[in-house]
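A short worksheet on the structure shown next.
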Amino acid sequence: MGQYTASQRKNVRILLVGDAGVGKTSLILSLVSEEYPEEVPPRAEEITIPANVTPEQVPTSIVDFSAVEQSEDALAAEINKAHVVCIVYAVDDDDTLDRITSHWLPLVRAKCNPSLDGEGDAEAEAEGDTQREPIRKPIVLVGNKIDLIEYSTMDSVLAIMEDYPEIESCVECSAKSLHNISEMFYYAQKAVLHPTSPLYMMEEQELTSACKKSLVRIFKICDIDGDNLLNDYELNLFQRRCFNTPLQPQILDEVKAVIQKNVPDGIYNDAVTLKGFLFLHCLFIQRGRNETTWAVLRRFGYNDQLEMCQEYLRPPLKIPPGSSTELSHRGQQFLIAVFERYDRDGDGALSPEEHKMLFSTCPAAPWSYSTDIRKSCPINETTGWVTLHGWLCRWTLMTLIDVVKTMEYLAYLGFNVHENDSQLAAIHVTRERRIDLAKRQSSRSVYKCHVIGPKGSGKTGMCRGFLVEDMHKLIGKEFKTNVVNCINSVQVYGQEKHLILRDIDVRHALDPLQPQEVNCDVACLVYDSSNPRSFEYVARIYIKYYAESKIPVMIVGTKCDMDERRQDYLMQPSEFCDKYKLLPPHLFSLKTNKKELYTKLATMAAFPRFQAAWILFYKHRLVQLWESAHLRQFGLMTEDPKLWLKAGLGVAAATMLGFIVLKTISAAGAHTR
């Protein structure tokens with residue numbers, strides 16, 4: 001990716017105003033023809049200078065104003081259309097200089113802010129808009145006819161600049177001798193493309209708070225080793241990223257010497273501190289090198305208002321219907337590097353303070369540390385802090401359910417700069433689900449399971465059990481925090497997959513489910529096996545929403561450590577599953593501390609039609625033979641998830657073999673006939 005330039009204007013419009021006879025029109029004509037015009041019209045026609053002949057490579061329109069030919073309304077319209085206004089005065093006429101403050105500057109302010117003009121006060125007050133920040137149109141003061149005097153008016157002009165922060169610069173020139181003509185229009189361009197006012201406060205001789213905040217974020221992103229210093233290696237990377245050129249050792253030493261001379265604590269251990277970094281940019285601006293600071297800010301995604309650009313935060317991402325979004329390998333590697341940088345004590349977990357520091361380059365953390373990430377992902381069970389595994393799990397969850405937010409926070413953390421690419425490189429868009437169904441195998445690595453059941457069925461405990469090593473710790477615990485999603489990784493045939501359990505909150509049995517609550521990779525319908533009235537809700541949910549769908553479904557009976565009760569429904573759970581060609585109900589309890597359920601759910605999601613093999617066996621009643629002769633050998637009746645997976649492979653293979661044999665026999669019979 002090339003160097004990113006945020007919010008760069010496509011054109012610049014310059015308006016020249018001033019008293020009659022100060023030489024506005026002569027300045028324009030001298031620039032165009034490169035010679036002084038002997039005959040000057042009352043007003044020059046609007047001209048456009050092509051991008052390839054301007055210093056900033058931006059098309060520039062120059063507009064003249066004449067009070068003789070134009071009305072005040074026309075002047076107001078031109079002021080509002082212009083990006084920058086050049087107020088021209090004659091250096092040999094003090095009256096034209098005095099009129100800058102008595103007439104022209106107040107006029108430009110008033111036309112940019114109608115409420116300040118007296119006419120809109122009542123309307124603005126009625127709308128409660130009296131506290132609105134006034135619009136400040138960039139101004140360049142131009143002293144013409146410098147060829148007629150032997151002194152300078154700059155001292156008087158600089159005094160004016162202190163009272164009017166919108167004045168970006170001032171220049172003395174001559175339309176007759178062509179002195180500083182090109183420079184005058186360059187300063188006007190620069191006032192638009194690299195304005196001073198968002199960066200620097202003239203009165204305080206200090207960076208604005210917005211500029212300082214932006215540069216602090218940039219400093220933190222460039223501080224790769226997290227020692228609050230920019231060493232030579234980090235400064236060179238910074239230079240390359242912003243200006244596509246290395247920093248020569250001699251120049252680097254000179255920069256450090258300047259910082260050391262002006263800010264004693266700007267250099268520490270031969271590296272640049274944050275104070276030194278801020279001073280350097282303040283010095284650039286004071287010396288008229290605004291473009292240097294703006295180049296840095298725009299490379300890191302800032303627009304002219306020093307806000308992060310939307311196109312920088314949210315690059316366009318096409319997601320076909322039925323596809324999902326996951327972290328790519330580059331995205332994972334970047335997040336691992338960020339985690340390790342802020343894990344200051346190297347304990348493999350982020351403390352609340354480390355977590356806070358990590359997101360200090362962002363407007364806020366994308367989630368709550370205490371009520372979200374610690375409740376939805378695996379944590380260090382001793383300290384309760386988020387581990388690297390939990391950190392990646394939480395990002396995986398956010399990428400699936402809100403990929404736009406993931407891209408925003410990757411930008412805030414500096415992915416675009418460190419990877420020299422947009423956040424799109426951190427995102428993998430999966431193939432469409434219909435292709436997975438056709439191939440009977442999913443290429444995804446992240447699956448969403450919706451856990452649905454009546455209140456009190458134990459589905460929340462089942463979801464939380466997915467996150468802990470010892471589920472006994474959850475027994476009798478009251479889950480006060482309503483965390484919707486729990487995510488962890490499981491092994492499916494030797495491959496790591498992430499499974500997201502979404503706890504669907506159903507308040508009343510008759511409440512309809514919304515499409516986003518139904519659609520998922522695998523559905524887990526949960527009932528309380530010790531409650532005789534629990535299964536009916538699950539049965540109705542299946543018949544209404546899943547009986548005709550292609551979504552794999554598993555029915556789970558919780559609290560199996562208690563006495564199993566006969567369900568008050570037309571059919572018992574096993575009969576229901578047999579009728580609708582579902583796998584037999586899986587019995588689950590936190591007390592058993594067995595986790596094969598989660599592996600089964602992930603396997604069903606990875607192989608959307610995997611259960612068809614089992615159903616075929618039930619249909620032909622071969623399962624009874626298989627159970628008696630082989631199932632215990634495979635360990636299917638045990639609680640070991642790995643043995644269950646091996647059995648699954650054996651059953652699937654046997655099903656295919658039976659299909660081939662049946663097809664062969666049928667063909668042979670047809671041939672015999």
Side-chain angles (χ1 to χ4, degrees), residues 375-376 448-467 471 474-487 499-549 551-592 594-598 600-601 604-605 611:
K375 307 290 186 180
S376 60
K448 186 163 57 174
C449 171
H450 286 185
V451 183
I452 306 171
K455 188 175 181 180
S457 61
K459 56 187 174 67
T460 303
M462 191 196 89
C463 292
R464 297 291 182 90
F466 187 35
L467 306 179
M471 290 192 284
L474 301 178
I475 296 174
K477 187 173 182 179
E478 183 179 353
F479 301 108
K480 297 180 180 179
T481 307
N482 183 27
V483 175
V484 176
N485 297 296
C486 294
I487 180 172
L499 181 66
I500 298 169
L501 300 181
R502 181 184 176 190
D503 188 348
I504 303 298
D505 185 24
V506 181
R507 297 184 179 180
H508 303 288
L510 298 179
D511 286 352
L513 296 181
Q514 300 301 314
Q516 64 269 22
E517 295 176 321
V518 175
N519 296 325
C520 54
D521 297 305
V522 58
C524 181
L525 306 184
V526 180
Y527 72 98
D528 179 357
S529 64
S530 67
N531 182 349
R533 296 185 177 182
S534 185
F535 180 71
E536 181 179 3
Y537 175 81
V538 167
R540 292 181 182 277
I541 288 291
Y542 178 81
I543 293 170
K544 184 174 182 179
Y545 297 104
Y546 293 103
E548 302 297 327
S549 79
I551 298 173
V553 176
M554 175 173 282
I555 291 180
V556 175
T558 59
K559 306 179 185 180
C560 67
D561 56 295
M562 302 174 68
D563 292 336
E564 186 175 358
R565 301 288 298 276
R566 183 176 178 80
Q567 296 295 311
D568 296 339
Y569 186 62
L570 300 173
M571 292 171 280
Q572 293 307 296
S574 57
E575 297 171 339
F576 183 88
C577 292
D578 188 39
K579 177 180 178 180
Y580 288 100
K581 302 177 182 179
L582 299 173
L583 295 176
H586 182 99
L587 298 181
F588 175 85
S589 171
L590 291 174
K591 289 186 177 180
T592 62
K594 303 296 183 181
K595 296 201 169 190
E596 75 278 2
L597 168 63
Y598 309 116
K600 288 182 180 181
L601 291 169
M604 292 174 70
Q611 61 184 358

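The structure presented is a predicted model; accordingly, all values stated were derived computationally and were not measured.
Here the straight-line distance linking atom CD1 of Ile500 with atom NE2 of His450 works out to 9.0 Å at 0.5 Å rounding. Distance check, rounded to the nearest 0.5 Å: OH of Tyr598 to CG of Leu467 gives 8.0 Å. Of the inter-residue distances, the one linking Phe535 atom CZ with Gln572 atom CD reads 8.0 Å to the nearest 0.5 angstrom. Distance check, rounded to the nearest 0.5 Å: OH of Tyr569 to OG of Ser534 gives 13.0 Å. Put simply, CZ on Phe588 and CD on Glu596 are 8.5 Å apart, with the number rounded to the nearest 0.5 Å. Here the straight-line distance linking atom CD of Glu564 with atom CG of Asn531 works out to 12.5 Å at 0.5 Å rounding.
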- Given Met462 and Leu597, is the side chain to side chain contact (heavy atoms under 4.5 Å, CB included) satisfied, shown in steps? CA-CA 10 Å; Met462 191 196 89; Leu597 168 63; 3.5 Å; yes

- Task: Take Cys486 and Arg464 through the side chain to side chain contact (heavy atoms under 4.5 Å, CB included) test and state the conclusion after the steps.
- Result: CA-CA 7 Å; Cys486 294; Arg464 297 291 182 90; 4.1 Å; yes

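Applying side chain to side chain contact (heavy atoms under 4.5 Å, CB included) to Leu525 and the options Ile555, Val556, Leu582 leaves one that passes, Ile555.
Side-chain contact between Lys600 and Leu583 is absent, with no heavy-atom pair separated by less than 4.5 Å. At a threshold of 4.5 Å between non-hydrogen side-chain atoms, the residues Ile452 and Lys459 do not count as touching. In this structure, Thr558 and Ser530 have side chains that are not in contact, with every pair of non-hydrogen atoms separated by 4.5 Å or more.
Considering all non-hydrogen atoms of both residues, Ala605 and Val522 come closest at CB-CG1, 4.0 Å. Here the closest non-hydrogen pair linking Leu590 and Gly461 is CD2-O, 3.6 Å. The two residues Tyr546 and Val518 have their closest heavy-atom pair at OH-O, 3.0 Å. For Phe466 against Leu499, the heavy-atom pair with the smallest separation is CE2-O, 3.1 Å.
Tyr580 and Phe576 have tilted rings, their planes meeting at an angle from 30° to 60° on a 0 to 90° scale.
The backbone N or O of Cys449 lies less than 3.5 Å from no partner atom in the side chain of Asp521, so there is not a single donor-acceptor pair. Remark: side-chain polar atoms of Ser589 are not paired, donor with acceptor, to backbone N or O of Lys559 under 3.5 angstrom. Side-chain N or O atoms of Glu517 include one that pairs as donor or acceptor with a backbone N or O of Gln514 at under 3.5 Å.
At most 12 non-hydrogen atoms from other residues, nucleotides or ligands lie less than 6.0 angstrom from CE of Met562. Around atom CD of Glu548, no more than 12 heavy atoms belonging to other residues, nucleotides or ligands sit under 6.0 Å away.
Salt-bridge check for Glu575 with Lys579: failed, with every basic side-chain N at 4.0 Å or more from each acidic carboxylate O.
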